[in-house]
**Student:** 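Could you have a look at this structure, given as structure tokens, before my questions?
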Protein chains: 2
Amino acid sequence: MTSQKSDTAMSPKITGELLRQLRQAMKNCKFFSEPIQAYIVPSGDAHQSEYIAPCDCRREFICGFNGSAGTAIVTEQHAAMWTDGRYFLQASQQMDNNWTLMKMGLKQTPSQEDWLISILPENSKVGVDPWIIAADQWKNMSRALTSAGHSLVAVQDNLIDAVWMDRPERPSTQLRTLGLEYTGISWQDKITALRAKMTKRKLTWFVATALDEIAWLFNLRGADIEYNPVFFAYAIVGMNTIRLFVDLKRLSDPALREHLQLDSPSKPELSIRTFPYESVYTELQAICAAHSPKDRVWICDKASCALTQVIPKANRSPTPYTPLCLAKAVKNAAEIRGMKVAHIKDAVALCELFAWLEKEIPNGAVTEISAADMAEELRSQQKDFVGLSFPTISSVGPNGAIIHYRPLPETNRTLSMNEVYLIDSGAQYVDGTTDVTRTMHFGTPSAFEKECFTYVLKGHIAVSAAVFPNGTKGHLLDSFARAALWESGLDYLHGTGHGVGCFLNVHEGPCGISYKTFADEPLEAGMIVSDEPGYYEDGSFGIRIENVVLVVPAKTKYNYRNRGSLTFEPLTLVPIQVKMMSIELLTQKERDWVNDYNRTCRDVIGAEMERQGRKEGLEWLIRETQPIV
Amino acid sequence: MTSQKSDTAMSPKITGELLRQLRQAMKNCKFFSEPIQAYIVPSGDAHQSEYIAPCDCRREFICGFNGSAGTAIVTEQHAAMWTDGRYFLQASQQMDNNWTLMKMGLKQTPSQEDWLISILPENSKVGVDPWIIAADQWKNMSRALTSAGHSLVAVQDNLIDAVWMDRPERPSTQLRTLGLEYTGISWQDKITALRAKMTKRKLTWFVATALDEIAWLFNLRGADIEYNPVFFAYAIVGMNTIRLFVDLKRLSDPALREHLQLDSPSKPELSIRTFPYESVYTELQAICAAHSPKDRVWICDKASCALTQVIPKANRSPTPYTPLCLAKAVKNAAEIRGMKVAHIKDAVALCELFAWLEKEIPNGAVTEISAADMAEELRSQQKDFVGLSFPTISSVGPNGAIIHYRPLPETNRTLSMNEVYLIDSGAQYVDGTTDVTRTMHFGTPSAFEKECFTYVLKGHIAVSAAVFPNGTKGHLLDSFARAALWESGLDYLHGTGHGVGCFLNVHEGPCGISYKTFADEPLEAGMIVSDEPGYYEDGSFGIRIENVVLVVPAKTKYNYRNRGSLTFEPLTLVPIQVKMMSIELLTQKERDWVNDYNRTCRDVIGAEMERQGRKEGLEWLIRETQPIV
């Protein structure tokens, strides 16, 4: 699944008064020494999170549009908001006529830079909160404005916050410690491994800003952001020191203090000094002021401009991926074990759901929303369930063709025996994160629906069964997923796969399978990605088949230059519906793959269903896993 | 085929005295206002040509190493030369012990920048001829040196030339005009199309520096560089003016003057003003001095630093590919017709060669060199033959595993009935350029040789028969060529294909099929690329199957979003040896492809051989194109 955020509010937000207040703040020298002529409101938070907490929904607050991607810019005269094709309709419905919708990707739409340059008076100042713009984005925007005689300026106090009276508090949920049985490696060993990488690269400091990396590093989880078990924090790791910046009130729990060894560190270099979340800036400043001019600081080039610019340029060592991101991507034995357990539980819930749907759909009382609710209810019955890993995409017929669809009361369709049903859903369990898409028909699919499903299935199998050398980057596998569709003149306009965290974010870098990326890191045994080709017939139906797969070593006949080979092992074990397949389009190898896969689902999930006494689901599972002949 | 240059000279060049003279020149303020502490000698010419003329072989002159890739750097104390794995052996044999061989790609080998920084005294000046370093390379080197307190300086007089007593003259071969029957578009129309693109991008000047682009633009060919029918020139095109910089002695031929309308231009804006080759610098300077500060100049970012820096930075509009490069890549109907004719003639020569080899090899008197000579002789018998398009790779047994092998007297092996023979060769004809690789066995291949050949063939077919949407970049097809090899744990470490010129360079941008590139331009109908997967078993044999293929529209069952689809049509029509195939490893589709392909060879090439009365070749062709059952 790929990300989206939307809500039931589809009437435009009235923004006239808010804009008046914001424009006043832009002129108020309390915030910046001179008036500013434009103010940029990006959609992210200070950690460049994909999903954000309510207190960080500043772009939504100012313009009303609540999709996952969009940037608002307010000038003295204008207010404009840029978003992409997924959100044109939604944004036009949610914004009032104070706002101009800038449709990204259309030729006539100016870039933010070009638009600003075209309307600003000479020598203008464009303000932005340096905490919520990434260092690389700042650089590009600043360069463009400067070349046209303007300047980009950092406004330390956020001007949206200044006019946002009932802004929610920053969440500070309870922290959960994860033991070695889940994490496989203690946080102490992770710190030691990080320091070894720092030594190798001659770097003396590492600044962690991504929330999932900090959660992973300390073997902690939170619930500050919906769907993402993370918590607001920063960390700065030196060769002998560890600084953790977090709301200090969260650290009172004795078990947590014991986990972090806050009161009795085993070794001085593994002693964690805790600081308030907000003090990361001054503390990093102090570190930079005190350290030798040769000290170099490792920071991701996607970190906030504010934090990046604290470090003198000569001392910065920005990289596209941090060592934590790379280490986190390669799951260890305990994490893999956990992910497997989580996927078995998740499959039980989904098989139960499908059995229930099969029974209930003929009564005409199941809707996209009630099906999604039932999926959540069934998942929540499984052990160590924490929550969903993203909003469920439950879509029937034409709604299935909207790739980032999420059912809303006004779009909610009833499931029927005449339309294709696509459900893309997943959950967080303490032992792992799931993400699975199945496309089903509960009546008789049309020949065209079956044909398209079969091409998508061929693509799914081509990736899942691919054997490739160690060192291969995921983007080189993307075409395997498309070859069968391409041959018939079909395609889908999203990537084929993304990295998946272990009881962490359902989307994570640095690996994936997408023609859009190039700078992805090579696939390695232990990495976990999704395999999710699709086909979308606008106004009619959507098809996607998604498994989460584990990169594993492959046994091959030869071993060229001793490089070794890799392949994928499906972690997701939910049967793929045979009814949707045009068997005659499958090769023998592909039929064997389907039979092997569905038999594994029956064996593994069947045993668990039996253990859980889930008879109806088990019957459904056995029926659905009959081999193709 | 991919490029290489090597020679018979394998004893080291004695360079002590030369280095002494060069170091003196480095200190001589006649060349630069202050002494310089290091001098960089890149391997290219002022046009960043892949193949270079003898007068430009400066790196070879100073160090003795004559491979196609390598950079020499001389300091007061040291002399070092960087080259890649293809050339480690050759370079070590050709350089004396004044030189340190820097093996690129090995972990312990420092980059040129790091090495310089590690050995230079503080505040050093590093010199380079700004004409033979590309603007983007200058930028990187300059940045690295500056950050370490040194500086990169442009030394206008080339210091190698200053000590090279018997340096050859720059070639000035006769120019050949190409009529519309070959080019399809007059140079006047090409200029008009170029100006339309300039208008669209709001650019007022275009500077052409790549030799093949200039040859293409003016529908002229030369013979200044071996294998490449180009001539030394520059061109500057304005909205109303055309400046051509070329040795003026070449312009006396009346037919040429008529072709270029030098004496009676049809329209003033199509009047070509000619200037001496060397005056491009001063003329571009004059243009930049005269033009309005808003005028922008289009120049490739691979153009020389010298020419690029003439243009004030604010007026430069550098692009990775020029509009000529893009226009040249898409062949028109006349060019495609010519390429087809050239490939038919070329196939006749190769079929004759193989018939001859089959007869002569049992006598034990054919060597790699004599086979290559015979191939050239047979090609030269074909109409409008001009020369080879690259040095023939004629290799037997273990020599075949050396990807850039070129037979030399000391490596020359005799062809036998016990070893695999690989020949990668091509020619320039007035109507087109060819490049074909066939791998043959004249006795009985081993099971392993056949197995590998069959995987390579499967990859070749997978690319050749691929159907893909308009807008697809070639690098996304590269994995198709490898899937069969990968499945058995095998691979090859070169790209799968490169663009091919039409009676121009056998390697051209901006398209290709390679996992190594990302910034390639999408494939379009009319583009021509090679399809050449391989497998190399070190010390034993090499396999490569290469066709030149034309991108053509594909008919598909559906047409998603009206994007249209593409596929490839082989232009090369030389049978693929059935004896080398493990038929049981081929799918029915692949067998059909082989039978279709070989039958087309028989039909098309057979007809031409009959017309030319080449009986022996025809008999061979008919025998070799029997269908697989």
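First the proteins, then the strands, lettered A, B, ... as listed; each starts at 1. Model, not experiment: these values are computed from the prediction.
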**Student:** Non-hydrogen atoms of chain A under 4.5 Å away: do they reach the side chain of B:F480, the backbone, both or neither?
**Tutor:** both

**Student:** Counting heavy-atom pairs under 4.5 Å with chain A, which one of B:L485, B:L493, B:T587, B:T472 comes out on top?
**Tutor:** B:L493

**Student:** In terms of heavy-atom proximity below 4.5 Å to chain B, should A:N559 be classed as side chain, backbone, both, or neither?
**Tutor:** backbone

**Student:** Looking only at heavy atoms, what is the nearest atom pair of A:T556 and B:W486, with distance?
**Tutor:** CG2-O, 4.1 Å

**Student:** Tell me if the NZ atom of B:K197 is crowded by more than 12 foreign heavy atoms within 6.0 Å.
**Tutor:** yes

**Student:** How close do B:D491 and A:R563 get, counting heavy atoms only, and between which atoms?
**Tutor:** OD2-NH2, 2.6 Å

**Student:** Answer yes or no: is there an ion pair linking B:D538 with A:R561, defined by an N-O contact shorter than 4.0 Å?
**Tutor:** yes

**Student:** If I take atom OH from residue B:Y558 and atom CD from residue A:E537, how far apart are they, to the nearest 0.5 angstrom?
**Tutor:** 9.0 Å

**Student:** Between B:S565, B:G564, B:P469, which shows the greatest number of heavy-atom pairs under 4.5 Å with chain A?
**Tutor:** B:P469

**Student:** Under a 4.5 Å heavy-atom cutoff, which of A:A314, A:G489, A:S147 has the most pairs with chain B?
**Tutor:** A:G489

**Student:** Rounded to the nearest 0.5 Å, how far does NE2 of B:H475 lie from OG of A:S479?
**Tutor:** 8.0 Å

**Student:** A:Q588 versus chain B, heavy atoms under 4.5 Å apart: side chain, backbone, both or neither?
**Tutor:** neither

**Student:** Tell me, for A:Y536 versus chain B, whether the close heavy atoms (under 4.5 Å) come from the side chain, the backbone, both or neither.
**Tutor:** backbone

